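One structure is given below, encoded as structure tokens.
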2 protein chains.
Amino acid sequence: MNDHQAGLKRFLSRLLLRSSLSVDEQRAVMSLPGKVIDTPAHRDIVEPGDIIHDATLVIDGIAGRFDQLADGHRQITALHLPGDMCDLHSVAVPHAGWGIESLSPTRISSIPHEAIRKVAVDYPGVGFAFWRDTVVDGSVLAKWLSALGRRSAKSRLAHLICEMGIRLELNGQGDRRAFPLPLTQSQLGDVLGVTPVHLNRSLQALRQDELVAMNAREVRIIDREGLEHVAEFDPEYLLLDRQDKYTGGL
Amino acid sequence: MNDHQAGLKRFLSRLLLRSSLSVDEQRAVMSLPGKVIDTPAHRDIVEPGDIIHDATLVIDGIAGRFDQLADGHRQITALHLPGDMCDLHSVAVPHAGWGIESLSPTRISSIPHEAIRKVAVDYPGVGFAFWRDTVVDGSVLAKWLSALGRRSAKSRLAHLICEMGIRLELNGQGDRRAFPLPLTQSQLGDVLGVTPVHLNRSLQALRQDELVAMNAREVRIIDREGLEHVAEFDPEYLLLDRQDKYTGGL
DNA sequence: CGCCGCATTGACGGTTCTCAACACAGGTGG
DNA sequence: CCACCTGTGTTGAGAACCGTCAATGCGGCG
């Protein structure tokens, strides 16, 4: 199995987490074409304002969706792990108001919108799974918005660490108590809406409380329960159960 | 035409803004069933955690989607105007992690998911329009996230006022310089992630700068250009143009 | 070795929160 | 008609959170 197919397989697993797909439907997803591209860290994969014709599937590394302000400051609005289709929503809305950047060295597969659309139309169950995947993306976005509006930086950082643990565990990259997270403090600040300096201080507060030990490469959670308490973390918003049990199989 | 149909018509206009639909497809949307319900202000229409079987179409008034914290504080994550389907995404994900509340006295129509799903499957173009509508919702969410992370309260308030002007103008409720906005300062604070006290002070700053005059019922923008400058407002994220020109008509 | 990006620390200032008080309008019951 | 109540808007003072600026240390890499 080549890298592109390995990425598709992870993407398919992600879909199957929330949607039932028949063998035919699964085969249709697995037969999507794509071109593998390697990028170093800190590169823009999609520039804000582009009109795009291909979706970006993360095979390895971490990518970020961001919004850019006039002064050049960035707010990262989503983190994308291996198996995530960064901009599945771009299939419906090709005019990118956002950008995508590689946060760590990243291997991606570029998949033509046209092929994705054809699968969605030919297999309504897959189309529904795509729609649902977009909704999951929005659910995470809403939770981040709520955290940014109502929680302290320390609590937001704890929340993000809890979330990344669950998502990476699902991907088979470590488990929820210890996992790789190759992000700089500056990038974490761009996610959480704080400056690098303040992120550093928030992190030290978590270390001081003996909740977590982490560096630029990996996270070790010392007291998961305590961390979840600081974060008020409830993984429900990640929608980890089958959603189609309520929708007549679609 | 009854109220339910009037609401559907506005919803259809919203879809047509971004997606082309054939006469048959439009008729399918207009034939969706629904039950009209009136609610006073400050009522929960959907409780967080519910499993829901009907989507909520706003016919009149303003509704808000919110996330609730352990201490009872709310963060409003979306505002829904007449013609908006509050929780179209619930068709794909019926397990609500969010809640919906009426912010002003509101008339809604409750539309069975089942009917919406059937239309989406029978008419792939409509299904695609639904998906696209969900993406627009996410685009606004991302812009709000970015504002919350990177802008001052004053700038965020200015941004929200600019956005509401455009959205209400599209609805035929006033124009972008003067429009009804029946929200309390406390509710605006819940949208912008600030306390009512600080929202009041941010608003006074805008009044001081002679940018806007507003009360609990309506907004009059005195200097739209100045306001957009404070907000760094660019309406692109509202995706007001036809998106299907890039997607082969879907 | 020297360079560069990143983590860390300190001092200071601005933004926003909390707590508290008061004004005002609309609605309700006497 | 008036007294009262409640929700909302407004203002002030002090504290907590977070940003800015600046300097230092540290590790990887040429």
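Just so we're on the same page: letters track the sequence lines, and every chain starts at 1. Being a predicted model, the structure only gives us computed values, none of them experimental.
The closest donor-acceptor contact from the side chain of A:S139 to the backbone of A:Y237 lies under 3.5 Å. Listed for the A:D87 side chain is a donor-acceptor partner under 3.5 Å among the backbone atoms of A:T56.
Taking atom CD of B:Q187 as the reference point, atom P of D:dT8 lies 7 Å away to the nearest angstrom. Rounded to whole angstrom, the span from the NE2 atom of A:H42 across to the C1' atom of C:dC6 amounts to 10 Å. In this structure, A:D190 places its CG atom 14 Å from C1' of D:dG19, rounding to the nearest Å. Straight-line distance from the CG atom of A:L183 to the C1' atom of C:dG5: 16 Å, rounded to whole Å.
Contacts between residues 145-157 of chain B and DNA chain C, defined by a heavy-atom separation below 4.0 Å, involve B:S152, B:A153, listed by number. Against DNA chain C, the stretch residues 199-208 of chain A makes heavy-atom approaches under 4.0 Å through A:N200, A:R201, A:Q204, A:R207.
Within 4.0 Å (heavy atoms only), A:G193 reaches sugar-phosphate atoms of the nucleic acid but no base atom. Heavy atoms of A:T195 sit under 4.0 angstrom from at least one base atom.
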### Query
When you check every protein heavy atom under 4.0 Å of nucleotides 25-30 of chain D, what one-letter string (B, S, -) results, 5' to 3'?
------
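Looking at A:D137 and A:R65, a side-chain N of the basic residue comes within less than 4.0 Å of a carboxylate O on the acidic one, giving a salt bridge. Salt bridge status for B:D3 with B:R107: present, with a side-chain N to carboxylate O gap under 4.0 Å. With salt bridges taken as basic N to acidic carboxylate O contacts below 4.0 Å, one links A:R151 and A:E232.
Of the side-chain N and O atoms in B:Q185, one or more sit less than 4.0 angstrom from OP1 or OP2 of D:dT10.
At a threshold of 4.5 Å between non-hydrogen side-chain atoms, the residues B:T184 and B:Q187 count as touching.
Counting only N and O atoms by type, the side chains of A:H95 and B:E236 include a donor and acceptor under 3.5 Å apart.
Taking only side-chain atoms of B:V197, from C-beta outward, the nucleotide of C:dT8, C:dC19, D:dC18 with the closest atom is C:dC19. Set against C:dT18, D:dC18, D:dG9, the side chain of A:H198 has D:dC18 as its closest nucleotide.
Not counting sequence neighbours, the partners of A:H89 by the ring pair (Phe, Tyr, Trp, His ring centres under 6.0 Å) test are A:W98. In this structure, the side chain to side chain donor-acceptor pair (under 3.5 Å) partners of A:R150, at least two apart in sequence or on a different chain, are B:D190.
For B:R207, the CZ atom sits in a packed shell: over 12 heavy atoms of surrounding residues, nucleotides or ligands are nearer than 6.0 Å.
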Could you list the donor-acceptor pairs under 3.5 angstrom formed between side-chain atoms of residues 211-219 of chain B and any protein atom two or more places apart in sequence or on another chain?
from   : atom 1 : to     : atom 2 : distance (Å)
B:N215 : OD1    : B:R217 : N      : 2.8
B:N215 : OD1    : B:E218 : N      : 2.9

